[in-house]
Amino acid sequence: MSRLVVVSNRVADLEKTTQSGGLAVALGDALRQSGGLWCGWDGNVVEDGADLKTTLKKKGRVTAATVPMTRRDYEEYYVGFSNQVLWPTCHYRLDLVKFENAYFDGYRRVNQRMADSIVELLLPDDIIWVHDYHLISLAAELRARGVKQRIGFFLHIPFPPPGILLAVPVHNWLVKSLFSFDVLGFQTGADVVNFQRFASEHGEGHVLSDGRVMAFGQTVTARAFPIGIDVGAFAAMARTPDAEQVIERLHRRLLARSHIIGVDRLDYTKGLPERMKAFRRLLELFPDKRRAVTLMQIAPPTREDVAAYTEIREELEGLSGSINGAYGNFDWTPVRYIHRNIKRETLAALFRGCQVGLVTPLRDGMNLVAKEYVAAQNEDDPGVLVLSRFAGAAEDLEEALIVNPYDIDDIAHALQQGLTMPLDERRSRHKALLERVRARDAKHWRESFLAALAPQTYGVFA
Ligand code: ADP
Ligand code: F6P
């Protein structure tokens, strides 16, 4: 059996259960099941010139091979090119893009260094699975070092339409680099179409009859593999005696009868200010909801060295304070805003205890929180999912209340609909959603991608 080698910028700490970020959560689940090697950054930043030694750490069947990053790499590759060029571009926020040649140089340098350290660890039968926008040029670098093993790539974030990607000066280099992989995985059909369009409109390419894409003189398989969660494990977490206690405390301590929950990294793509404004609008439009409903927003810090993230934090703190000031009372706090990571067990319990799951990103590759909310519900008395049409998850989760995250009134009305929805309708929507979340779970995602990448080893799922 071939060994699976996963490469991603961030490697989750396999001991921790408070990790946030879809990639860390999904890969942690996937690797725990298949075993293998997980290579990437250990999350530490060291002084320039320091020795970048790889540390190997084994937990169960997974070995983590991690390296620190120098201050310069961190500034140029991670904060710079990854999070001030690629992230905003792929989330349609060209107003936040800050391109500098030094960032691009740093990006190439770190991809090259990553290739150097991985080559040392590879076995001839390995199957290599690279993740996300930080490592777009890794396959090209590995190929340049003679690596012949199959290499796949999964993009966790949206692939933007050509008209947007063209704003990045090195757009052709980026897309051409992707053709060094054997298989490209995207979250949704819309992302695949955007990739195909770029290849044909700007790489003199076309889609072959078997679905592969040919451009820049090379061919690659490009398909949608929507990422999922470990449904059974998450549902079980929401049903433990500890979870019951969390739910009981939630209902006993807070005066309100109903709770709305949002859980997101504090990222400008998540639509958090719009969400708070929609909650305020709900209280304005439906006065019976005052003292009756709370919004619990859990938003841990993320990428705090990027200016746009500091601004969003200030905006959100201002908004929650002003809603609480305008509407709150000595015995009712409308908005509960928690700015830190929470144990996954507690999150699962909170999802189960809240009547509405509010997931309204302005743009999102998939959004695992939407799927976790569905998995955590009590099937006899489920809550309602309100979901942005611009989350990848909306391509599949049709039975959610689908909203336009830019339209405050639309969200407010969906909240009212969710809070007053009859039990029968809640049950039938939830049943359909749960079936969809189960059908496309983490195992299905991993197995179908690997079947496409290495049919001889994993072909039963092809
Ligand atoms: P992204 O990858 O952009 O962060 P996703 O919704 O796909 O967005 O994934 C986020 C993951 O991080 C989910 O599994 C979610 O439960 C987890 N998460 C988000 N916020 C927290 C938090 N405060 N504490 C613990 N886990 C969190
Ligand atoms: O899922 C999108 C993603 O960018 C992942 O690649 C990443 O692990 C997560 O969000 C958290 O971001 P970061 O690793 O920059 O803290």
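Note that ligands are numbered from 1 as they come in the structure, with each ligand's atoms numbered from 1 the same way. As the structure is a computational prediction, the values presented were derived from the model and not from experiment.
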*Asks:* May I ask you to establish whether R446 and W129 are in a cation-pi arrangement, using a distance under 6.0 Å from NZ or CZ to the six-membered ring centre and at most 45° from the ring axis?
*Replies:*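 No, R446 and W129 do not form such a contact.
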*Asks:* Find all atoms of ligand 2 within a distance of less than 4.0 Å from any non-hydrogen atom belonging to Y78, and give their numbers and elements.
*Replies:*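 Under 4.0 Å from Y78, ligand 2 has these atoms: 13 (P), 15 (O), 16 (O).
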*Asks:* Check L433, I260, L401 against V384 for a side-chain contact (heavy atoms from CB on, under 4.5 Å) and give me the one that passes.
*Replies:*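 Only match with V384 under side-chain contact (heavy atoms from CB on, under 4.5 Å): L401.
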*Asks:* Verify the neighbour count for atom NE2 of H171: are there more than 12 heavy atoms of other residues, nucleotides or ligands below 6.0 Å?
*Replies:*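 Yes, the 6.0 Å shell around NE2 holds more than 12 heavy atoms from other groups.
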*Asks:* Of all the atoms in ligand 1, which lie at a distance below 4.0 Å from a heavy atom belonging to V263?
*Replies:*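 So the answer, numbered in order with elements, is 19 (C), 20 (N), 21 (C).
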*Asks:* Both conditions, 6.0 Å and 45 degrees, for the charged tip of R108 above the ring of F104: are they met here?
*Replies:*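 Geometry flag: set, cation within 6.0 Å and 45°.
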*Asks:* Under a 4.0 Å heavy-atom limit, does H134 contact ligand 2 with its side chain, its backbone, both, or neither?
*Replies:*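 Under 4.0 Å from ligand 2, H134 contributes side-chain atoms alone.
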*Asks:* Using a 4.0 Å cutoff against the non-hydrogen atoms of R265, which atoms of ligand 1 qualify?
*Replies:*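 So the answer, numbered in order with elements, is 1 (P), 3 (O), 4 (O).
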*Asks:* Between D264 and R275, is there a side-chain N and carboxylate O pair less than 4.0 Å apart?
*Replies:*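 Counted as a salt bridge, because a side-chain N and a carboxylate O are separated by less than 4.0 Å.
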*Asks:* Please state which option from R303, Q187, H131 has its nearest heavy atom closest to atom 4 (O) of ligand 2.
*Replies:*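 It is R303 whose heavy atom sits nearest to atom 4 (O) of ligand 2.
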*Asks:* Which distance, rounded to the nearest 0.5 Å, do you find between the CZ of R313 and the NE2 of H339?
*Replies:*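 Going from the CZ atom of R313 to the NE2 atom of H339 covers 3.5 Å.
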*Asks:* I'd like to check whether N9 has a polar contact with ligand 2, where a contact means an N/O of the residue lying under 3.5 Å from an N/O of the ligand.
*Replies:*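 No - when backbone and side-chain N and O of N9 are compared with those of ligand 2, no distance drops under 3.5 Å.
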*Asks:* Are the charged groups of R426 and D381 less than 4.0 angstrom apart, N to O?
*Replies:*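 Salt bridge: yes.
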*Asks:* Determine, for D116 against R113, whether the closest basic-nitrogen to carboxylate-oxygen distance falls under 4.0 angstrom.
*Replies:*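 So D116 does not pair with R113 through a salt bridge.
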*Asks:* Within the structure, is a non-hydrogen atom of R265 found at a distance of less than 4.0 Å from ligand 2?
*Replies:*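 Right, R265 reaches ligand 2.
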*Asks:* Suppose I only count heavy atoms of R10 and a 4.0 Å limit; which atoms of ligand 2 are within that range?
*Replies:*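 Going through ligand 2 atom by atom, the ones under 4.0 Å from R10 are 13 (P), 14 (O), 16 (O).
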*Asks:* Heavy-atom contacts with P300 under 4.0 Å: which atoms of ligand 1 show up? List them by number with element.
*Replies:*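 Listed by number with element, the hits are 20 (N), 21 (C), 22 (C), 23 (N).
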*Asks:* Identify, by atom number and element, the atoms of ligand 2 in contact range of W87, meaning under 4.0 Å from any of its heavy atoms.
*Replies:*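 Under 4.0 Å from W87, ligand 2 has these atoms: 2 (C), 4 (O).
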*Asks:* Does ligand 1 have any atom sitting under 4.0 Å from a heavy atom of R340?
*Replies:*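 Heavy atoms of R340 do come under 4.0 Å of ligand 1.
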*Asks:* Side chain or backbone of L347 under 4.0 Å from ligand 1, or both, or neither, by non-hydrogen atoms?
*Replies:*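 Just the side chain.
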*Asks:* Should you measure from each heavy atom of N367, which atoms of ligand 1 turn up under 4.0 Å away?
*Replies:*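 Those qualifying, in numeric order: 6 (O), 7 (O).
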*Asks:* Ligand 1 versus M366, non-hydrogen atoms closer than 4.0 Å: side chain, backbone, both, neither?
*Replies:*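 No part of M366 is near ligand 1 at this cut-off.
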*Asks:* Judged by non-hydrogen atoms, does R344 sit under 4.0 Å from ligand 1?
*Replies:*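 Within the 4.0 Å threshold, so yes.
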*Asks:* Would you say ligand 2 has an N or O under 3.5 Å from any N or O of D132?
*Replies:*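 Looking only at distances, the answer is yes, because the N/O contact criterion of under 3.5 Å is met.
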*Asks:* Would D126 and R150 count as a salt bridge (charged side-chain N to carboxylate O under 4.0 Å, His left out) here? Give the steps.
*Replies:* CA-CA 8 Å; D126 281 347; R150 300 277 291 171; over 6 Å; no
*Asks:* Check E372 against ligand 1 and report side chain, backbone, both or neither, counting heavy atoms closer than 4.0 Å.
*Replies:*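 Looking at E372 and ligand 1, just side chain atoms fall under 4.0 Å.
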*Asks:* If you measure from atom 1 (P) of ligand 1 to every heavy atom of K270, Q187, H156, which option wins on shortest distance?
*Replies:*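 Among K270, Q187, H156, the closest heavy atom to atom 1 (P) of ligand 1 belongs to K270.
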*Asks:* Run the numbers for me: atoms of ligand 2, each under 4.0 Å from some heavy atom of Y133, listed by number.
*Replies:*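 Counting from 1, the qualifying ligand atoms are 4 (O).
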*Asks:* Kindly say whether the aromatic ring centers of F225 and F186 come within a distance under 6.0 Å.
*Replies:*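 Distance test on ring centres: not under 6.0 Å, no.
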*Asks:* Under a 4.0 Å threshold between the charged nitrogen and the carboxylate oxygen, would D441 count as salt-bridged to K443?
*Replies:*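 Looking at D441 together with K443, the answer is no, because their closest N to O distance does not fall below 4.0 Å.
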*Asks:* Just wondering, more than 12 heavy atoms not from R389 lying within 6.0 Å of its CZ?
*Replies:*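 Incorrect, the count does not exceed 12.
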*Asks:* Would you mind telling me if ligand 1 is within reach of the side chain of I298, the backbone, both or neither, using heavy atoms under 4.0 Å?
*Replies:*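 Under 4.0 Å from ligand 1, I298 contributes side-chain atoms alone.
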